[in-house]
Structures are given as C-alpha cells and as structure tokens.
> 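Mind looking over this structure? Questions follow.
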Amino acid sequence: MTLEQLMQAADRGALQDLDLLSHEGAVYLVEALIEGSRHLLKQHEGDTRPWVFRSLHDARTALVELPFQTINLVHLNVCDEMGPDALVTGGPQAAMRLPLPLHP
C-alpha cells in the first residue's frame with residue numbers, strides 16, 4: 001500500500017488502526033489496518049519491500065497530511081524473535097503497544 005492509497009482509505013473512513021512496528025529500535029515500518037486487513041506502507045506502487053523509517057519522527061513527517069489522530073508504537077518482545085521455545089516457562093509475551101499522537 002502506498003501513501004496515496006493510505007490517504008484514500010483514511011478519507012473514506014476505512015482506516016481502522018495505524019501501527020509503527022519497531023524492529024530492534026533501528027528500523028520502523030508503518031502497518032495500517034484497513035477493513036480488517038493489515039497492509040505495510042510502501043514508497044511506490046509495485047515495491048516488494050516496505051518503506052523503512054529510521055525513527056518515529058521520520059514516520060510522522062511522511063504521514064503529516066494523513067487525517068488520522070494516533071499511531072501505535074509497537075515493539076515486539078526480543079525473546080519472541082528467538083523462536084517458540086525461547087520462553088518455555090511463561091509462553092510468548094504480548095508486544096508493547098504505546099498509542100501516540102500522529103500529529104504532536
């Protein structure tokens with residue numbers, strides 16, 4: 001999904017949720033929930049790789065015109081990334097989700 005497609009979805013009220021996925025605190029991806037389906041933001045139509053941001057500020061700058069109020073900073077538990085047996089005693093832990101204003 002491109003930024004233009006994301007804007008169109010938001011304009012028609014189809015954008016349900018917006019997440020900024022943090023990978024090891026250095027790579028951030030924007031994921032949109034639209035009509036029950038999750039889509040990663042890409043820079044250009046036909047791109048196979050998602051648009052990579054280096055910070056929350058970079059993502060906010062790219063999304064400055066998006067008519068949506070919040071973005072959830074989502075950080076997975078490091079142990080979950082090591083595989084299903086990493087936390088045998090407690091099971092997988094939920095990702096940290098921190099709702100932040102998209103336009104501070």
Side-chain angles (χ1 to χ4, degrees):
M1 159 169 286
T2 65
L3 183 55
E4 182 179 340
Q5 293 167 331
L6 180 60
M7 295 285 281
Q8 291 170 355
D11 287 342
R12 70 175 189 268
L15 179 58
Q16 298 168 289
D17 203 11
L18 193 62
D19 292 336
L20 183 64
L21 309 176
S22 171
H23 294 276
E24 299 183 11
V27 173
Y28 297 86
L29 308 174
V30 172
E31 182 181 66
L33 178 62
I34 298 172
E35 298 173 341
S37 296
R38 298 205 168 270
H39 305 273
L40 286 174
L41 187 62
K42 299 178 181 179
Q43 278 190 294
H44 307 286
E45 183 72 32
D47 282 353
T48 57
R49 294 183 180 182
W51 190 349
V52 176
F53 298 95
R54 296 292 174 202
S55 67
L56 171 62
H57 175 75
D58 289 347
R60 280 178 167 159
T61 300
L63 301 171
V64 70
E65 305 224 357
L66 186 68
F68 205 70
Q69 297 302 312
T70 60
I71 188 165
N72 300 304
L73 177 61
V74 179
H75 187 78
L76 299 178
N77 184 324
V78 174
C79 294
D80 289 349
E81 295 174 4
M82 294 188 298
D85 297 325
L87 295 173
V88 175
T89 57
Q93 296 180 5
M96 178 194 76
R97 294 181 63 84
L98 180 63
L100 300 170
L102 183 57
H103 312 289

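The first residue in the sequence is number 1, and the count goes up from there.
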> Say you draw a straight line from NZ of Lys42 to CZ of Arg49; how long is it, rounded to the nearest 0.5 Å?
11.5 Å

> Restricting to non-hydrogen atoms, name the atom on Tyr28 and the atom on Ser55 that form the minimum distance, rounded to 0.1 Å.
CD1-N, 3.6 Å

> For Gln5 and Ile34, what are the C-alpha separation, side-chain angles and deciding distance, and is it a side chain to side chain contact (heavy atoms under 4.5 Å, CB included)?
CA-CA 11 Å; Gln5 293 167 331; Ile34 298 172; over 6 Å; no

> Taking Gln16 for its side chain and Gly36 for its backbone only, find out whether a donor-acceptor pair lies under 3.5 Å.
yes

> With clusters defined by side-chain heavy atoms of hydrophobic residues (ILVMFWY) lying less than 4.5 Å apart, directly or transitively, does Val27 cluster with Val74?
yes

> At what distance, to the nearest 0.5 angstrom, does CE of Met1 lie from CD of Glu45?
10.0 Å

> Consider side-chain contact (heavy atoms from CB on, under 4.5 Å). Of Leu63, Asp58, Leu56, Leu100, which one does Leu20 pass it with?
Leu56

> Can you tell me how far CG of Asp17 sits from CZ of Arg97, rounded to the nearest 0.5 angstrom?
5.5 Å

> Say whether Leu40 and Leu3 are linked into one hydrophobic cluster, either directly or through other cluster members, by side-chain heavy-atom distances under 4.5 angstrom.
no

> Set out, in order, the CA-CA distance, both residues' side-chain angles and the distance that settles side chain to side chain contact (heavy atoms under 4.5 Å, CB included) for Trp51 and Val30, then state yes or no.
CA-CA 8 Å; Trp51 190 349; Val30 172; over 6 Å; no

> For His57, look at atom NE2 and say whether over 12 heavy atoms of other residues, nucleotides or ligands are found less than 6.0 Å away.
no

> Between Ala26 and Arg54, which heavy-atom pair has the shortest distance, and what is it?
O-NH1, 3.4 Å

> Quick one: CG on Leu102 to CZ on Arg60, what's the gap to the nearest 0.5 Å?
7.0 Å

> Taking a hydrophobic cluster as the set of Ile, Leu, Val, Met, Phe, Trp and Tyr residues connected by side-chain heavy atoms closer than 4.5 Å, whether directly or through intermediates, do Phe68 and Ile71 fall within one such cluster?
yes

> Looking at every heavy atom in both His103 and Val64, which two are closest together, and how far apart are they?
CE1-O, 3.0 Å

> Find the distance between NE2 (His39) and CG (Leu33) and round it off to the nearest 0.5 Å.
8.0 Å

> Kindly determine whether Val52 and Leu29 satisfy side chain to side chain contact (heavy atoms under 4.5 Å, CB included), including the steps that lead there.
CA-CA 6 Å; Val52 176; Leu29 308 174; 3.9 Å; yes

> What closest approach, in Å, do Arg38 and Asp19 show between heavy atoms, and which atom pair accounts for it?
NH1-OD2, 3.4 Å

